[in-house]
Amino acid sequence: MGTIGIRPRFLVVMGVSGTGKTTIATGLATRLGWHFQEGDALHPQSNVDKMSAGQPLTDEDRKPWLELCRDWLSKEIDAGHGAVLTCSALKRIYREQLRRDLPVEFIHIRVDPKVLADRMTHRKGHFMPASLLPSQLATFEEPGEDEPVIHVCGEDHPDVVLEKLIQQFRDEENQKELHAAVG
Ligand SMILES: Nc1ncnc2c1ncn2[C@@H]1O[C@H](COP(=O)(O)OP(=O)(O)OP(=O)(O)O)[C@@H](O)[C@H]1O
Ligand SMILES: O=C(O)[C@H](O)[C@@H](O)[C@H](O)[C@H](O)CO
């Protein structure tokens, strides 16, 4: 158990660009004392160059990047330390690659596309141009019921999202303890 009674989890904060993945992932890592990795920092330079030039990535471009993301998660799992990674994880096959043989869970941040367009237009110092938002939205595959995904509303204040997530983690711990005591 961690310092505030929450067992280590291995989370990918996912969603199209501008949904607030970095904001939520760093907030969780700080509050829970878990390790954080910015998925964007693992992109090969060729991917960053492509996106900066306004070209969407292909499955082939994303494959080696997703493997680096999975390697990071795998190392954290071996170390047993709670960990949070940001990664768009837009398609089911990408999410399957990330969690292959690993106890990885996803937090999907939903935001209305109009709000996203506004955020991306006003964001400074980021390589991702707002012009790539339509391709992000077109590529995105809604996670299925069978995928280990928690959905959150990315239009709420980040503090509200973080409070709800941590409460949900606590509730799940309590449920488990109850089952163990009863069963
Ligand atoms: N809940 C929120 N409400 C309002 N603004 C937010 C919220 N979360 C993030 N933002 C703002 O939206 C912008 C995008 O946030 P952030 O960089 O965390 O998203 P991201 O999903 O990591 O983006 P990318 O994948 O493109 O790197 C930032 O300017 C951030 O301050
Ligand atoms: O799969 C992708 O197309 C990429 O990961 C993008 O989503 C960006 O890296 C990220 O969102 C930065 O804005």
Side-chain angles (χ1 to χ4, degrees), residues 1-17 19-48 51 57-109 127 139-152 154 158 161-181 183:
M1 281 295 172
T3 42
I4 55 172
I6 292 175
R7 73 175 163 91
R9 298 174 84 129
F10 309 100
L11 303 172
V12 175
V13 180
M14 60 166 285
V16 300
S17 67
T19 41
K21 297 184 291 294
T22 304
T23 307
I24 295 305
T26 51
L28 271 181
T30 304
R31 286 175 193 221
L32 296 170
W34 290 354
H35 292 169
F36 164 74
Q37 173 67 46
E38 172 61 61
D40 277 345
L42 299 177
H43 271 301
Q45 188 59 39
S46 53
N47 282 0
V48 176
M51 290 186 277
L57 301 180
T58 63
D59 286 352
E60 284 311 303
D61 294 326
R62 288 185 181 114
K63 211 171 203 167
W65 166 62
L66 290 166
E67 213 45 36
L68 290 175
C69 289
R70 185 185 175 279
D71 287 347
W72 185 81
L73 289 162
S74 179
K75 286 201 184 91
E76 292 297 322
I77 291 163
D78 285 346
H81 202 283
V84 194
L85 167 87
T86 59
C87 175
S88 48
L90 299 175
K91 295 189 186 182
R92 175 185 277 264
I93 50 163
Y94 303 164
R95 297 187 287 273
E96 285 172 353
Q97 185 179 344
L98 286 167
R99 71 184 177 99
R100 192 183 68 240
D101 301 326
L102 299 177
V104 163
E105 303 166 282
F106 296 86
I107 294 174
H108 171 224
I109 313 180
F127 63 80
T139 308
F140 178 67
E141 293 172 3
E142 186 70 35
E145 296 270 316
D146 58 323
E147 294 184 73
V149 181
I150 298 170
H151 297 275
V152 299
V161 176
L162 290 167
E163 282 305 316
K164 280 189 187 163
L165 278 170
I166 291 170
Q167 190 55 52
Q168 176 165 344
F169 296 162
R170 279 213 184 89
D171 290 347
E172 287 178 17
E173 303 295 334
N174 291 338
Q175 283 294 333
K176 267 202 202 114
E177 275 176 32
L178 202 67
H179 280 173

task: Give the intermediate values and the outcome of salt bridge (charged side-chain N to carboxylate O under 4.0 Å, His left out) for residues Asp146 and Arg92.
output: CA-CA 11 Å; Asp146 58 323; Arg92 175 185 277 264; 2.9 Å; yes
message: Heavy-atom count check: over 12 atoms from other residues, nucleotides or ligands less than 6.0 Å from Lys164 NZ?
response: no
- prompt: Is any side-chain heavy atom of Leu165 closer than 4.5 Å to a side-chain heavy atom of Ile24?
  reply: yes
- line: Applying side-chain contact (heavy atoms from CB on, under 4.5 Å) to Thr58 and not counting sequence neighbours gives Lys50, Glu60, Asp61
query: What heavy-atom pair brings Gly82 and Pro8 nearest, and what distance separates the two atoms?
result: N-CB, 3.5 Å
- prompt: Ala89 and Leu98: which non-hydrogen atoms are nearest, and at how many Å?
  reply: CB-CD1, 3.9 Å
- request: Answer yes or no: is there a side-chain heavy-atom contact under 4.5 Å between Glu172 and Arg9?
  value: yes
- request: For Trp72 and Val84, work out which heavy atoms get closest and say how close.
  value: CH2-O, 3.7 Å
- request: Check side chain to side chain donor-acceptor pair (under 3.5 Å) between Thr86 and all other residues, then give those that pass, not counting sequence neighbours.
  value: Glu38
field: Student check: side-chain heavy atoms of Val104 and Pro148 closer than 4.5 Å
entry: no
Side chain to side chain, Phe106 and Arg99, heavy atoms closer than 4.5 Å: yes
field: Ion pair Arg62/Glu67, N-O distance below 4.0 Å
entry: no
message: Could you report the tightest heavy-atom contact between Glu142 and Glu147, atom names first, then the distance?
response: O-OE2, 4.4 Å
field: side chain to side chain donor-acceptor pair (under 3.5 Å) partners of Ser74, counting only residues at least two apart
entry: none
statement: So CG of Asp40 and CG of Leu85: to nearest 0.5 Å the spacing works out to 9.5 Å
field: Considering all heavy atoms, the nearest Leu28-Leu162 contact
entry: N-CD2, 3.5 Å
message: Which residues pass the side chain to side chain donor-acceptor pair (under 3.5 Å) test with Lys91, not counting sequence neighbours?
response: Asp59
message: Within the structure provided, determine whether His151 and Pro143 are in side-chain contact (heavy-atom separation under 4.5 Å).
response: yes
message: Please confirm whether the ring centroid of Phe140 lies under 6.0 Å from the ring centroid of His108.
response: yes
- request: Would you mind reporting whether Leu90 and Glu141 have side-chain heavy atoms less than 4.5 Å apart?
  value: no
- request: Run the numbers on Phe36 and Val13 for side-chain contact (heavy atoms from CB on, under 4.5 Å), then give the verdict.
  value: CA-CA 11 Å; Phe36 164 74; Val13 180; over 6 Å; no
field: Contact list for residues 78-87, test salt bridge (charged side-chain N to carboxylate O under 4.0 Å, His left out), sequence neighbours left out
entry: none
field: Intermediate values then yes/no, side-chain contact (heavy atoms from CB on, under 4.5 Å), Glu105 and Val12
entry: CA-CA 6 Å; Glu105 303 166 282; Val12 175; over 6 Å; no
- request: Return the orientation label for the Trp65 and His43 ring planes: parallel under 30°, perpendicular over 60°, tilted otherwise.
  value: parallel
task: Sequence neighbours left out, what passes side chain to side chain donor-acceptor pair (under 3.5 Å) with Glu76? Give chain and number order.
output: His35
field: Validation row: Ile107, Val149 side chains within 4.5 angstrom (heavy atoms)
entry: no
message: Show the nearest heavy-atom pair for residues Leu11 and Trp34, with the distance to one decimal.
response: CD1-CZ3, 3.7 Å
query: If we only count heavy atoms from C-beta on, is the Arg170 to Ile6 side-chain gap below 4.5 Å?
result: yes
